[in-house]
Amino acid sequence: MDEFSLIRQFFVDQPVSRSDVVLGIGDDGAVLQAPAGQQLVSTADTLVAGRHFPDATAAADVGYKALAVNLSDLAAMGAEPAWASLQLTLPEADESWLGQFRDGFFALAARHQVQLVGGDTVRGPLNVAVQLTGFVPPGQALTRGGAQPGDDIYVTGTLGDAALALQHLEVLSGPAQAWCRTRLNRPMPRCAAGIALRGVASAAIDLSDGLVADLGHVAEASGVGARIDVDLLPLSDAYREHRAAGGGLDAAVGGGDDYELCFTVAPAQQGRLEALAAGWDCGFTRIGVVTGDSGVEWHHGDGSSYRPGLTGFRHFT
Ligand SMILES: [Mg+2]
């Protein structure tokens, strides 16, 4: 066996063993039993070293985040995650790095009952590609395309912390720095919230590239506009420190990598939303309203206009 065949053995022993995996890692392909009456939702996302994460990022964080960003996409679809495959491109067969990568990946997989069912390992510049499949009842997948004028716009969690970790750490206290670094390296995919929003949200997206870019996708796909009050954006204590030191709202409005959900809810569904969200591990905040215009209009609580300084996260370049 060559060294990369050995590496593949790193991933055979894993925390999750699902009954719907008929044949997992080790053959030419996986055999998977799709649940009766469910639709499959498939997503794929690649992390490139030096582009999607700093080169110095800990291996365990790279493993965690490679799965987290895909879980976040399934959350935005309202899908329950199940099966992952991993394409790992490595400059060298560093067993220590790999062991930590695996630990980070499997720690999150265990939390969401995701089984790794296949993949490949090759030599090259560090690059981690994950493909993830989940389930949703027929017709209940959330999409970007269903927002209607008059719907309220919400986000989960807090915004801008990951961008602060990349751009503004120097002005923050130790605990605030640690919080922002955790938010960047260990985002919490909002899977439970996404599943709960089936039949309640009219549209949903996960905030990977920042609110400006991602809300723009919802507006475009739905053929609507939006009005956002930037003074309603949910900010962490760390972000409030940034504000107190003279920092603006740009990281919260335009910074990426938060992996929170942004979703729209029709007025008639507000009551159901309140009831559902009591069981979530994250808060949710109303930030604005869907309009019949085109494009997104940003304003302060006093009505004065706000011009976003960042129009889409460029990662850390
Ligand atoms: Mg997404």
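- With hydrogens and angles ignored, the 3.5 Å screen pairs no side-chain donor or acceptor of Arg227 with any backbone N or O of Val289.
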Does Cys180 form a side-chain contact (heavy atoms from CB on, under 4.5 Å) with Leu172? I'd like the steps, not just the answer. CA-CA 9 Å; Cys180 291; Leu172 301 180; 3.9 Å; yes
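- Annotation for Pro189 and Ser72: closest pair CB-N, 3.7 Å, computed over non-hydrogen atoms.
- Taking the six-membered ring for Trp and thresholds of 30 and 60 degrees, His168 and His242 have ring planes inclined between 30 and 60 degrees apart.
- Grouped with Val31 in one hydrophobic cluster are Val22, Leu23, the linkage being side-chain heavy-atom contacts under 4.5 Å among Ile, Leu, Val, Met, Phe, Trp and Tyr residues.
- Leu273 places a side-chain heavy atom less than 4.5 Å from the side chain of Phe284.
- Of the possible polar contacts, none joining the Lys65 side chain to the His52 backbone as a donor-acceptor pair under 3.5 Å is found.
- A search for side-chain hydrogen bond (donor to acceptor under 3.5 Å, both in side chains) contacts involving Ser304 returns Asp302, not counting sequence neighbours.
- Tyr306 meets the ring pair (Phe, Tyr, Trp, His ring centres under 6.0 Å) test with His300; sequence neighbours excluded.
- Remark: the backbone N or O of Leu71 is not paired with any side-chain donor or acceptor of Tyr259 at under 3.5 angstrom.
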Quiz item: Going through the distances and angles, do Met77 and Thr43 end up as a side-chain contact (heavy atoms from CB on, under 4.5 Å)?
Solution: CA-CA 10 Å; Met77 301 299 295; Thr43 184; over 6 Å; no
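- Separating the OG1 atom in Thr158 from the CG atom in Asp237 is a distance of 9.0 Å, to the nearest 0.5 Å.
- Scanning for side-chain hydrogen bond (donor to acceptor under 3.5 Å, both in side chains) contacts around Asp20 gives Arg18, Trp83, with sequence neighbours left out.
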### Task
Please test Leu215 against Ile228 for side-chain contact (heavy atoms from CB on, under 4.5 Å), starting from the C-alpha separation and ending with a verdict.
CA-CA 10 Å; Leu215 184 58; Ile228 301 296; 3.5 Å; yes
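- Not a single salt bridge (charged side-chain N to carboxylate O under 4.0 Å, His left out) links Arg272 to another residue, sequence neighbours left out.
- Counting side-chain heavy-atom gaps under 4.5 Å among Ile, Leu, Val, Met, Phe, Trp and Tyr, Trp179 is found in no cluster with other residues.
- The minimum heavy-atom distance linking Ala251 with Leu164 is given by the pair CB-CD2, 3.9 Å.
- With contacts defined as side-chain heavy-atom distances shorter than 4.5 Å, the pair Leu211/Leu159 qualifies.
- Under the 3.5 Å distance criterion, the side-chain polar atoms of Gln269 are left unmatched by any main-chain donor or acceptor of Val200.
- Contact check on Arg183 versus Glu260 returns a salt bridge, with a Lys/Arg side-chain nitrogen under 4.0 Å from an Asp/Glu carboxylate oxygen.
- Counting heavy atoms from C-beta outward, Leu235 and Leu249 have side chains that approach closer than 4.5 Å.
- Heavy atoms from other residues, nucleotides or ligands lying under 6.0 Å from CD of Gln39 number more than 12.
- Residues Leu74 and Leu40 are members of separate hydrophobic clusters, defined by side-chain heavy-atom contacts under 4.5 angstrom among Ile, Leu, Val, Met, Phe, Trp and Tyr.
- In terms of the side-chain hydrogen bond (donor to acceptor under 3.5 Å, both in side chains) criterion, Arg240 has no residue partners (sequence neighbours excluded).
- Side-chain N or O atoms of Ser222 include one that pairs as donor or acceptor with a backbone N or O of Ala147 at under 3.5 Å.
- Nearest approach of Pro308 to Val253, heavy atoms of both residues: CB-CG1, 4.0 Å.
- Val155 and Leu276 are members of different hydrophobic clusters when ILVMFWY side chains are connected at heavy-atom separations under 4.5 Å.
- Considering only heavy atoms from C-beta on, Phe105 stays 4.5 Å or farther from Val62 through its side chain.
- Distance check, rounded to the nearest 0.5 Å: CG of Leu142 to CG of Asp206 gives 11.5 Å.
- Annotation for Val16 and Ala109: closest pair CG2-O, 3.7 Å, computed over non-hydrogen atoms.
- Side-chain atoms of Asn127 and Thr89 form no donor-acceptor pair, as typed in the model, at a separation below 3.5 Å.
- The side chain to side chain donor-acceptor pair (under 3.5 Å) analysis of residues 103-115, with sequence neighbours excluded, yields no pairs.
- Residues Val128 and Leu86 are in side-chain contact: their nearest non-hydrogen atoms beyond the backbone lie under 4.5 Å apart.
- Between Phe263 and Tyr154, the angle of the ring planes stays under 30°, which puts this pair in the parallel group of the 30/60° scheme.
- Within the 4.5 Å cutoff, the side chain of Gln38 has heavy atoms near those of the Pro137 side chain.
- Formation of a donor-acceptor pair under 3.5 Å by the Arg190 side chain with backbone atoms of Gly194 is not found in this model.
- Val114 and Phe135 fall into different hydrophobic clusters, where Ile, Leu, Val, Met, Phe, Trp and Tyr side chains are chained together by heavy-atom contacts under 4.5 Å.
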side-chain contact (heavy atoms from CB on, under 4.5 Å) between Val296 and Val212: does it pass, once the steps are laid out?
-> CA-CA 8 Å; Val296 181; Val212 172; over 6 Å; no
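- Applying the side-chain contact (heavy atoms from CB on, under 4.5 Å) test to Asp61 and every residue at least two apart in sequence or in another chain returns Thr57, Ala58, Asn185, Arg186.
- Without hydrogens or angle criteria, Thr291 side chain to Val224 main chain gives no donor-acceptor distance under 3.5 Å.
- A distance of 5.5 Å separates CG in Asp45 from CG in Asp73, rounded to the nearest 0.5 Å.
- Without hydrogens or angle criteria, Tyr239 side chain to Gly160 main chain gives no donor-acceptor distance under 3.5 Å.
- A heavy-atom distance below 4.5 Å is found between the side chains of Ile205 and Cys262.
- Around the CG atom of Asp27, the shell of radius 6.0 Å holds more than 12 heavy atoms that belong to other residues, nucleotides or ligands.
- Heavy atoms only, all atoms of each residue included: Asp257 and Ala162 are closest at O-CB, 3.5 Å.
- Not a single donor-acceptor pair under 3.5 Å links the side chain of Gln14 to the backbone N or O of Phe106.
- Partners of Asp151 by side-chain hydrogen bond (donor to acceptor under 3.5 Å, both in side chains), not counting sequence neighbours, listed by chain and number: Ser202.
- Here the side chain of Asp214 pairs a donor or acceptor atom with the backbone of Asp209 at under 3.5 angstrom.
- Between Val117 and Ile25, every side-chain heavy-atom pair lies at or beyond the 4.5 Å cut-off.
- The minimum heavy-atom distance linking Ala203 with Gly145 is given by the pair CB-N, 4.5 Å.
- Counting only residues at least two apart or on different chains, the side chain to side chain donor-acceptor pair (under 3.5 Å) pairs with a member in residues 129-143 are Ser42-Gln131, Gln131-Thr133.
- Atom CD of Gln270 sits in a crowded spot, with more than 12 heavy atoms from other residues, nucleotides or ligands closer than 6.0 Å.
- Taking CD of Glu297 as the reference point, atom CG of Asp229 lies at 11.0 Å (rounded to 0.5 Å).
- In the hydrophobic clustering, Ile195 connects to no other residue, as no ILVMFWY side-chain heavy atoms lie under 4.5 Å from its own.
- Side-chain N/O atoms of Gln100 and Ser96 include a donor and acceptor closer than 3.5 Å.
- Rounding to the nearest 0.5 angstrom, the gap separating the CG atom in Leu67 from the CG atom in Leu108 is 4.5 Å.
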